[in-house]
Structure formats: structure tokens, C-alpha cells
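No hydrogens, no waters, no symmetry mates; every other heavy atom, side chains included, goes into these values. Below, chains carry the letters A, B, ... as their sequence lines are ordered, and counting in each starts from 1. Bear in mind the structure is a predicted one, so any value in this text is a computation, not a measurement.
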2 protein chains.
Amino acid sequence: REMAAAWARAVRGVLLDVSGVLYDSGGEGGGVPIPGSVEAVRRIKASGLKLRFCTNETQATREKFVKKLQGVGFDISVAEVTAPAPAACRILKERSLRPHLLVHDDLVPEFAEIDKTNPNCVVIGDAAENFTYANLNEAFRVLIGMEKPVLISLGRGRYYKETDGLKLDVGAYMKALEYACDVQAEVVGKPAKMFFESALAEMGVPAQQALMIGDDIVNDVGGAQRCGMRALQVRTGKYRPCDENHPHVKPDAYVNNLAEAVDIILQHL
Amino acid sequence: REMAAAWARAVRGVLLDVSGVLYDSGGEGGGVPIPGSVEAVRRIKASGLKLRFCTNETQATREKFVKKLQGVGFDISVAEVTAPAPAACRILKERSLRPHLLVHDDLVPEFAEIDKTNPNCVVIGDAAENFTYANLNEAFRVLIGMEKPVLISLGRGRYYKETDGLKLDVGAYMKALEYACDVQAEVVGKPAKMFFESALAEMGVPAQQALMIGDDIVNDVGGAQRCGMRALQVRTGKYRPCDENHPHVKPDAYVNNLAEAVDIILQHL
């Protein structure tokens, strides 16, 4: 274990993916904590390490999302969360884009200040039940009607795990629209470099001293490593054994869960 | 016109795409004929040319599909139609595959003789309103649960035109599942080579003497040309002016509609 934990030595800041690392989403109460994770977050905070929650979840505003996590025991606040919707809003304002939104109803308030009349782009998030045939067609028609279609995607995840099983994520629907309209989406959530760089800036920690912990081999681990961070994959959430043979991405280490990762990090502080 | 119609000289058999060439689907009666097309089919038949209807439509059984076309005046019978579902059934039987079907309710009878218990593949067609989030998730879970996912797609069309506008076609949803499961679909409709070859065999006409007429630059025109046929694009159905600048596919000619194509063919007989 000593050799294997070289990655834990220089850590000054930790970025945590949320779904699949802190909790499994879905079901009655909106999700259940992964054993040891509530305590693990407290221990990171008590240690003096910088901490940032780095999520692609776009089924709710940050306020609602944080309230749900607080409700199951997590020490977390809105100011500690980096999420795709605010990143998208910055881009929309900078480029005077007026979005047609294909997102979850509960995410819409994040776009309250954005002009949505006469759309000149489509923003797609994890719309879940809103991914009806009619809604996907509507977004498609907005895009195909544009001379140069602009599609902004709040992530490129393939699927995620809820308490009742795996669910298709925004990336699958992004691909459907990309193919139908012969366009390439601009991704603003993980694994976009800008997204991780924002999170690092917000923490005030350089990439070399930051550690990403996630369950998604490509979007968490691969994305963070491309920014110069170290990254762990937890064996919780959407983790599958075949991830350990991924052709392109190799985490700095695997851990069984967040609690184990924190054990090792704190041993090396 | 004489020079431009060199393609019309050696024609002995005609393959007609249906939606967008014979009629625009959708609306109250299920579709409206494109002006001149009912008569054009009659003229082809009267001329002694071989004729085959070559469709990727998978929203109904061939019986129901043909009845709809007869209802609006077309001279067409089930035996004259090449369609993806029977082609898929042949493959399923050959390879002992038991499909989970993600197709339109009205297509299900085409698979009546196929064992669908304990599925070991997914067959996706143009399911239209059946492309709900729940149904796409269900197909996804069947695939992701397999060691080597097998996805058979009854086409790879991006979109088609109905009387009330453009609609997403099976190809977009195929791409969503391909991406989510990291798998490549096997396409059995147009532009699959085997599909065109079946149609040619059924007509008894070699590729060099066959002419495909379609509104889809990639699936009709490109697919037929790759089999050694000549192919025209009609400026009806899903045709869009930018198709004429397609980077890879160049039809042997453009015609305004099927009636015009038949005029030219018959002049050269």
C-alpha cells in the first residue's frame, strides 16, 4: 500500500464527484449515501484540505441539489459546488446566445436571467423524463433550422446509476442530436478542460496538488488527468470491473470507496 | 437535357424509395401523395420496366404499409416491397438471436415467429412515440447487461419529413445506444449493401441496369451507388438544397420529383 499510494503525498485539494461517490441517486428520498461517505467529507474538511464538489448533475438547481445532500447528512453548501449550468450561462452571455432548453424542469431556474426568446442555440442537460420523442424532435427542429447549428451540452456522460439501476445520461441524447444535425456539441461539464480549471481556480489549488475522485473513468478520471491532476476511480456508483481495462484511461489508483481514499490521503498528510 | 440524361439509357429496373418520393407521411390519413407520383408508378409498370419498392419505413407491417399506399391510389402490393423487418428476421434466425424489440407497436407482428424470451440482442426501428425515456433505458439495460452487446438497427436515417415537419429517425436513437453501450450497430435497412442486393435479386436485374430513386442523399443515393447502381435524388420529401453540396455523395442526376424522373426514363426506353 505504501508504494501504491505515492499519489497521496502532494495533495492539497480534493475534487469530489457527487453521484456515485457520495451517494447513489434515485428512489424515494432522491438517493442514499454510500457507506462512509458522509463521514469522509467531514474528515476532509476537518483536515484542512481544500475541497470542491464537482458534479455534472443537471437534474436540479444547485440549491435543490445541495439541499438534498444536506438532507441525507452531507456537510455541503452551494458555494462549494462547481456545476455545468452556471458554466453554460457564462458562455451564453459572452456569445449572446439565446437557448432553447432541453433540460430537466428543476434545472430551468438556473437560466432565469437568460433571454430565451427566438432561440439561436440548443442547451441539452440530463432531462430524464423530459427526453420524450416530442421534446427531442422540438430541439432537433430548432437546430436543423439554423444555418450553423449550435448545440451546448451540459456533459457527455453515457449513463449513471440510480438506486433502481443504470440510466441513460445526457451524452446519449447529445449524440442523437449530433448525428441528426451533423453537428458537434460543445460540452461544458466534465470532462471539459475549462470546467476542471474553473473548479481549481475556485479552490485556489494548482492542478499538480489536486486530486479528483470519481466513479466515471472517462469524464472524472480521464478529464482530470488531462488537466494535470491526479485522479482515483472509486469502485462505487457506475464503476464496472471492465473499467479497469479501459483502453485509454488509467487512474492513479483504484479505491473501494471514498472512505478508503480519505483514509489513505489523511495517512500521508 | 440529352447529355444530362445519359444515366437513363441502360435502365431495365427501377427501385423506388417510398416516403418522400411517392408520398409525404403523417397527418390525418397517414400521408399525402406527392403530385404526379401515383401516375408515375402506373407509367413505370405499363412500360414493362421491373419495379421494386425499397423502403426503410418500420412504423408498420408491410401489409399495413401497402394498404395505406393503396388507399391513396398507388398500384403496389406486398410482394413488391423490400423492407428492413423481414431482413432482420432472417438474420435473427440464422444467428439464433432472441431480440428485445424497440420498435413501433404496428411493426411487432413482423416478428411474430421470432422467439423473444430471454433476449440476447436489441432490434431498434423507427419507434416514434415509443422512443420514450423509459423504453430507451430498457433497451440500454438489455445491451449493457450483455458481455458483447448486439444491436441491430432497421436503418440509419437521420430524419424524415412528415406533413407537419421533420422528425427524428431511427438513426439518431441508434447513435444514442451505440454511444451509451460503446457498441457498433449492425444496420439491415438502406444503406446496407445486403439490403440493396436483396432488392436486386428479387427484381432479377443486375446493378448496372438498375436505377434507385430516393430523397435521402446518403441512404438512398449513396447506398445504391456503392452497390454499382445509378441513383437519382428527387427534390421532394426530406431533400434540402444543401444536399447538392454533399461532401461524399453525388447523384447521377437531380430531378424535381418522381414524375420528372419517369418522363426522362421513358423517353430513353
Exercise: identify the closest heavy-atom pair between B:A176 and A:A172:
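Shortest heavy-atom contact: CB-O, 3.2 Å.
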Specify the closest pair of heavy atoms between A:F140 and B:L166, including all atoms of both residues, with the distance to one decimal.
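For A:F140 and B:L166, the tightest heavy-atom pair comes out as CE2-CB, 3.7 Å.
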Which answer fits A:C181, side chain, backbone, both or neither, if we ask what part of it has an atom under 4.5 Å from a heavy atom of chain B?
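The backbone, not the side chain.
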Considering only heavy atoms, which portion of A:A128 lies under 4.5 Å from any heavy atom of chain B: side chain, backbone, both, or neither?
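Answer is both: backbone and side chain atoms of A:A128 are under 4.5 Å from chain B.
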Within this structure, what is the [atom1]-[atom2] distance for the pair [X] and [Y], rounded to the nearest 0.5 Å?
X	Y	atom1	atom2	value
B:R141	A:L168	CZ	CG	9.0 Å
A:I144	B:R240	CD1	CZ	4.0 Å
A:L136	B:L136	CG	CG	9.5 Å

Quick one: sort the B:Y173 and A:Y173 rings into parallel, tilted or perpendicular, breaks at 30° and 60°.
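Judged by the thresholds at 30° and 60°, the geometry between B:Y173 and A:Y173 is perpendicular.
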Do other residues, nucleotides or ligands put more than 12 heavy atoms under 6.0 Å from B:K67 NZ?
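Open.
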Counting only heavy atoms from other residues, nucleotides and ligands, does the tally under 6.0 Å from NZ of B:K64 exceed 12?
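Not buried by this count: 12 neighbours or fewer within 6.0 Å.
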Sidechain-backbone polar pair: B:Y179 side chain, A:R156 backbone, donor-acceptor under 3.5 Å:
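Pair found, side chain donor or acceptor close to backbone of A:R156.
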Residue pairs involving residues 174-191 of chain A (criterion salt bridge (charged side-chain N to carboxylate O under 4.0 Å, His left out); sequence neighbours excluded)
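Sorted pair list: A:D17-A:K190, A:R95-A:E186, A:K175-A:E178, A:K190-A:D220.
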